[in-house]
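Worksheet for the structure shown next.
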Amino acid sequence: MAQRPTGVKTSEASASPARFRSKHLLAIGDLNRFEAEQLLDRAETFEPLLEQKVKKLDTLRGRTLINLFFENSTRTQSSFELAGKRMGADVVNMSVKSSSVAKGETLIDTAATLNAMRPDLLVVRHGSSGAAALLARKVDCAVINAGDGKHEHPTQALLDAFTIRQRLGKIEGLNIAICGDVLHSRVARSNVALLNILGANVRLVGPPTLMPTGAERWGATVHHDMRAGIKDADVVMMLRVQRERMDGGFFPSAREFFWFYGLDEDKLKFAKPGALVMHPGPMNRGVEIDSIVADDPKISLIETQVRMGVAVRMAVLEALAEPGSNQETR
Ligand code: NCD
């Protein structure tokens, strides 16, 4: 079977698929530095493909990818769907309404049903932390965590790292500030873990009410003053204020949150000149980020992040579907 992408230059297509030791991608801890860098290298070979007229490979022809989303998602679900299709896989989208009464039971029942259909790859998003790991124990195929509660969202961190590397040429030694609602953010947890593996200096910035206890032990410095936290940063990564995960008043008002922690031109002046701005989306404009900053193509990488997401997920799907790539246990 031809493995070369249609229309992609031989040199671009020749880098070999990334190899994983772990059967699943449930958290950044499943990867070491070598594996993470191999994935980013491989994503780099897929990225030019997305600009071409014909964007399809046949690497995963005959394989089945099931997208199982228990939470609403626009960009992550469509990104995995596109990535799967561009790799030539058959993609099935299942959006399941989450039952708050019997979440565990629903999940296990669903897992058994899906397993009977013999998929090769299962992408899962669920509101409960640990759901992807539970599912991975119940099915035979590779499971990719597309966000589980407040726990992890590893492909988001990989696409963020890829975006930074493509723009700045490296990650090692960069000052990267992750700001806002850290407490409820799986994106922050995965990003701190990956950026640490890749050698960045990571800071977490947010009000004490939205900073998890012990965050300073994650491998980041913790700041409650936004200006001090983003001082000399190369990259300022904003997080969405996750109201749907809040069970009380974590800050007095959106207006006050913006005053202290919203990224606007004024606060951004404290970062390095030319510092880049990121956000995983969806954004609350005027709450955690000002539109002037978010929409400035010279500094905002927000749209680039979405594009890079497809290339990174293609590399992840390929690595986990590749026979022999994940046979060793850790
Ligand atoms: C993130 C998520 O769902 O965890 N978004 C995303 O995947 N694009 C972040 C968020 O919802 O705030």
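Both ligands and their constituent atoms are indexed starting at 1 by order of listing.
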- Just which atoms of ligand 1 are under 4.0 Å from any heavy atom in Val187? 1 (C), 4 (O), 9 (C)
- Note on the structure: For Thr76, the atoms of ligand 1 under 4.0 Å from one of its heavy atoms are 6 (C), 7 (O), 8 (N)
- Query: Among protein heavy atoms, which lies nearest atom 12 (O) of ligand 1, and at what distance?
  - Reply: Arg240 NE, 2.7 Å
- Message: Quick one: does any side-chain atom of Thr209 pair with a main-chain N or O of Phe250 as donor and acceptor, under 3.5 Å?
- Response: yes
- Query: Is the shortest heavy-atom distance from the side chain of Leu198 to the side chain of Leu40 under 4.5 Å?
  - Reply: yes
- Message: Please compare Arg75, Lys150, His153, Arg186 and report which has the shortest non-hydrogen distance to atom 3 (O) of ligand 1.
- Response: Arg186
- Message: I want to check something: taking the side chain as every heavy atom from C-beta on, are His184 and Leu210 in contact at a cut-off of under 4.5 Å?
- Response: yes
- Query: Is the closest heavy atom of Glu71 to ligand 1 under 4.0 Å?
  - Reply: no
- Are the charged groups of Glu37 and Arg33 less than 4.0 angstrom apart, N to O? yes
- Item | Presence of salt bridge, Glu265 and Lys269, under 4.0 angstrom | no
- Task: Any atoms of ligand 1 less than 4.0 Å from a non-hydrogen atom of Gln156? List them with their elements.
- Result: 6 (C), 7 (O), 8 (N)
- Message: Between Asp234 and Lys272 (salt bridge meaning N to carboxylate O under 4.0 Å), is one present in this structure?
- Response: yes
- So is Pro280 close enough to ligand 1, meaning a heavy atom under 4.0 angstrom away? yes
- Message: Just to confirm my output: which protein heavy-atom neighbour is closest to atom 5 (N) of ligand 1, and how far is it?
- Response: Gly281 O, 2.9 Å
